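Read the structure below first, then the notes.
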Amino acid sequence: MRTRYILPVLTVATALALSGCVDNSQPAATGSAGASGSAAAVDVKKNDDVAAMLPEKIKSAGVLNVGMANNYPPNEFKDDNGAPAGWSVDLTNALGKVMGLKVNFDIGTFDNILPAVRAGKDDMGMSSFTDTVEREKQVDFVYYYSAGIQWATAKGKTVDPNNACGLKVAVQATTYEDTDEVPKKSKACTDAGKPAIQIFKFDAQDQATNALAVGQVDAMSADSPVTLYAISKTKDRLQTAGDAFEVAPYGIPVAKGSDFTPALQKALQTLIDDGSYTKILSKWGVEAGGIKKADLNVAAKG
């Protein structure tokens, strides 16, 4: 995620008994949402040229190990059966098919993904990482999406993200919105002699969305595809608050200098060029953030 930092932020998530206001089920799709089925709605075939580029270790194993934290719908989350689901899951499965590999989702906490990639436990991560210059010191990033920050509020209520002093704002803990964006806005308030923003931190995005849906907070802040998806699942309870801002790249983390990276870039570019990539994004309504080139380390390039 743009959204998430490498190191955990020591927070105590507010435990709330919230009513079930949010429907987090994914869009109807053909096949299961397991490690090989969630991209079945898009016809993706093995590309022999891409497969030939794979490092021998991965090629011989026939498996692509992918670190993921599945609690950020619609990007990556659990379906009703507990299997990985979301557009990034669909995209990962499609990448696996292009490379001729079985995808193994290594589900864990967000904070453990980059260490696992650096150590070689996982071949790559796929968990809405924002490509930043600081993170590029630890891993390389293959650019695959562009997302901004989008606030939401209750239907009919006006909230200005740049003038939210004294308001209660929900975020998912350890996200960029939690560690950086909303705290900066709050500091601007206190520096101006106004009340601080009250930041409500939750372990999972659906908890933050529910807090807004039941009126416990005045607004929430998350990545643009996440907020738009949450609004679509709350049965007209929520609306956007202002436009998306601070647009930044999502990147697939791989080990620095990995010989797997060229194959991954080629696989993604193949999906972009043949239209499969856009079909996957469109299935989830997030095509607005689609990209044209699977570039490497775009944060450092400005």
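All figures in this text were calculated on a predicted structure; none of them were measured in a lab.
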Quiz item: Can you list the residues that meet the salt bridge (Lys or Arg N to Asp or Glu O under 4.0 Å) rule with D191, with sequence neighbours excluded?
Solution: K187
Quiz prompt | Residue pairs fulfilling salt bridge (charged side-chain N to carboxylate O under 4.0 Å, His left out) with at least one residue in residues 290-302, sequence neighbours excluded | solution = D295-K301
Self-check item: Summary of disulfide bond (SG atoms under 2.5 Å apart) pairs that have at least one residue in residues 233-302, sequence neighbours excluded
Solution: none
Exercise. Please collect all salt bridge (charged side-chain N to carboxylate O under 4.0 Å, His left out) contacts where either partner lies in residues 137-152, sequence neighbours excluded, each pair once.
Key: E134-K137, D140-K256
Self-check item: Sequence neighbours excluded - disulfide bond (SG atoms under 2.5 Å apart) pairs with any residue from residues 273-302
Solution: none
Quiz item: Which residue pairs satisfy the disulfide bond (SG atoms under 2.5 Å apart) criterion with at least one member in residues 123-163, sequence neighbours excluded?
Solution: none
Quiz item: Considering residues at least two apart in sequence or located in another chain, which fulfil the salt bridge (Lys or Arg N to Asp or Glu O under 4.0 Å) criterion with E181?
Solution: K185
Quiz item: Considering residues at least two apart in sequence or located in another chain, which fulfil the side-chain contact (heavy atoms from CB on, under 4.5 Å) criterion with A51?
Solution: K46
Practice problem: Only pairs at least two apart or in different chains count here, so list each salt bridge (charged side-chain N to carboxylate O under 4.0 Å, His left out) that has a residue in residues 262-281. | Solution: none
Quiz item: Looking at residues at least two apart in the chain, or sitting in another chain, which of them share a salt bridge (Lys or Arg N to Asp or Glu O under 4.0 Å) with K157?
Solution: D218
Practice problem: Can you run down the disulfide bond (SG atoms under 2.5 Å apart) pairs that involve residues 176-294, sequence neighbours left out, and say none if there aren't any? | Solution: C165-C189
Quiz item: Under the side chain to side chain donor-acceptor pair (under 3.5 Å) test, which residues partner D106, sequence neighbours left out?
Solution: K121
